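Values in this document were obtained by computation on a predicted structure and should not be read as measured data. Counting convention: from 1, in listed order, for ligands and their atoms alike.
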Amino acid sequence: MICKLCESEKELKSSHVIPRFLYRYMLNVTDGYMTQYHSHLNLWQKSNRQLKKELFCFECEQLLSKNELAFSEIFKQINKSSDSEKAVFSYAVLDDSAINELEQKGYDQKSIDALLKSNPIYDKIHILEYFAISYIYRELLNNSYKIPESEKRLLQNYLLNGSTCSFMLHVRLHNSQPSFNLVSTATVFDALDDWKHYTFYVPNMQFHVALRVGGTPEDMSKTIVMPSNFFDDDLGSIEMIRNTQSGSRKSANLNQT
Ligand SMILES: [Zn+2]
């Protein structure tokens, strides 16, 4: 069998399409049935089914699992914090103009550094970024959605070798009640030629990746983490999800508690 990441001929392991710690979390906070959205089936359902497939060799599964374990610590920390505490995780790359602005407000370099370091994930952003791409990559392998070989290579080389892959990542942290406890597979939007958008949810977090696929890849990776009320915020990406999910089917037990 050919490993779907390193493409070596190896014995393949049975892998979770959605990482196992997320299933475990969902089973804990729900009645044992998890709300799941499958973009491929366009189906919302409550199910304890865990998607598994033979995708990767032992080494590649280990490579992805290592980062997923690191991400699961961040995930737990975020989900343990109260709604108002979510603001502490806010993150954006400070470019020159943002630094200028802070300096004009009276911050010096030392206090800017202190401000950055007060964020518990300020040095862990690469873990979020790698997690987002690996989540999408697992889903692409599971899904029948076809992407061009060149785009698959971008993700594959990033995951395997840390090669450049230009993308923007917006992570929203749900900060209102009730909790937003659902997992979804990645939904793909490819209306634009040079950008491809992927969105997915894990409990109380929304990931939106805009992958630059057209032209020369530019090194422009930008990641933003921000609190958000998923029920009220009229966000472009949420609106896009509503559109792609129109006509989706819902399993009969979905509204049961
Ligand atoms: Zn492999």
Side-chain angles (χ1 to χ4, degrees), residues 1-27 34 36-41 49-76 121 123-169 171 183-188 190 195-202 205 207-214 216-217 219 221 223:
M1 302 281 275
I2 303 289
C3 169
K4 298 261 196 335
L5 185 55
C6 68
E7 299 191 340
S8 308
E9 171 84 40
K10 281 184 179 166
E11 190 190 331
L12 301 189
K13 313 299 288 180
S14 178
S15 304
H16 279 81
V17 174
I18 289 171
R20 193 170 48 168
F21 76 89
L22 289 173
Y23 283 123
R24 225 181 276 139
Y25 178 88
M26 289 288 288
L27 288 170
M34 303 171 283
Q36 306 185 38
Y37 175 69
H38 290 276
S39 53
H40 177 43
L41 303 171
R49 189 166 159 249
Q50 306 192 10
L51 280 177
K52 278 179 132 187
K53 258 195 177 172
E54 291 189 354
L55 302 173
F56 306 122
C57 69
F58 177 76
E59 286 78 12
C60 288
E61 183 60 33
Q62 287 293 105
L63 177 71
L64 299 187
S65 297
K66 197 175 152 215
N67 186 74
E68 281 158 6
L69 182 68
F71 172 77
S72 75
E73 294 303 320
I74 298 172
F75 170 83
K76 280 181 216 155
I121 57 170
D123 60 348
K124 294 177 180 158
I125 296 302
H126 62 285
I127 297 172
L128 291 179
E129 291 169 347
Y130 193 94
F131 175 77
I133 299 298
S134 72
Y135 196 98
I136 291 167
Y137 192 76
R138 281 181 188 270
E139 166 61 11
L140 286 176
L141 299 175
N142 170 55
N143 205 316
S144 63
Y145 185 82
K146 293 274 177 285
I147 64 163
E149 195 61 21
S150 60
E151 291 176 30
K152 196 184 130 193
R153 292 267 170 247
L154 273 180
L155 302 178
Q156 199 175 13
N157 290 333
Y158 170 82
L159 291 173
L160 260 185
N161 318 313
S163 304
T164 311
C165 178
S166 286
F167 61 88
M168 293 188 287
L169 170 64
V171 181
V183 286
S184 78
T185 57
T187 305
V188 188
D190 56 359
W195 291 95
K196 187 159 281 179
H197 294 259
Y198 295 93
T199 307
F200 64 89
Y201 289 94
V202 302
M205 299 179 79
F207 285 76
H208 179 176
V209 175
L211 182 71
R212 189 173 152 81
V213 293
T216 315
D219 185 17
S221 299
T223 296

Is the side chain of Y130 donor-acceptor paired with the backbone N or O of L159 at a distance under 3.5 Å, no angle test?
yes

What I'd like to find out is whether the side chain of L22 reaches to under 4.5 Å of the side chain of F75, using heavy atoms alone.
yes

What is the number of protein N, O or S atoms that sit under 2.8 Å away from the Zn ion (ligand 1)?
4

Any chance the rings of Y25 and F21 have centres within less than 6.0 Å?
no

Is there a side-chain contact between C57 and S8 (heavy atoms, below 4.5 Å)?
no

I121: what forms a side-chain contact (heavy atoms from CB on, under 4.5 Å) with it, not counting sequence neighbours?
I74, F89, N119, K124, I125, L128, V225

Measure from the ring center of Y158 to the ring center of F167 and say whether it is less than 6.0 Å.
yes

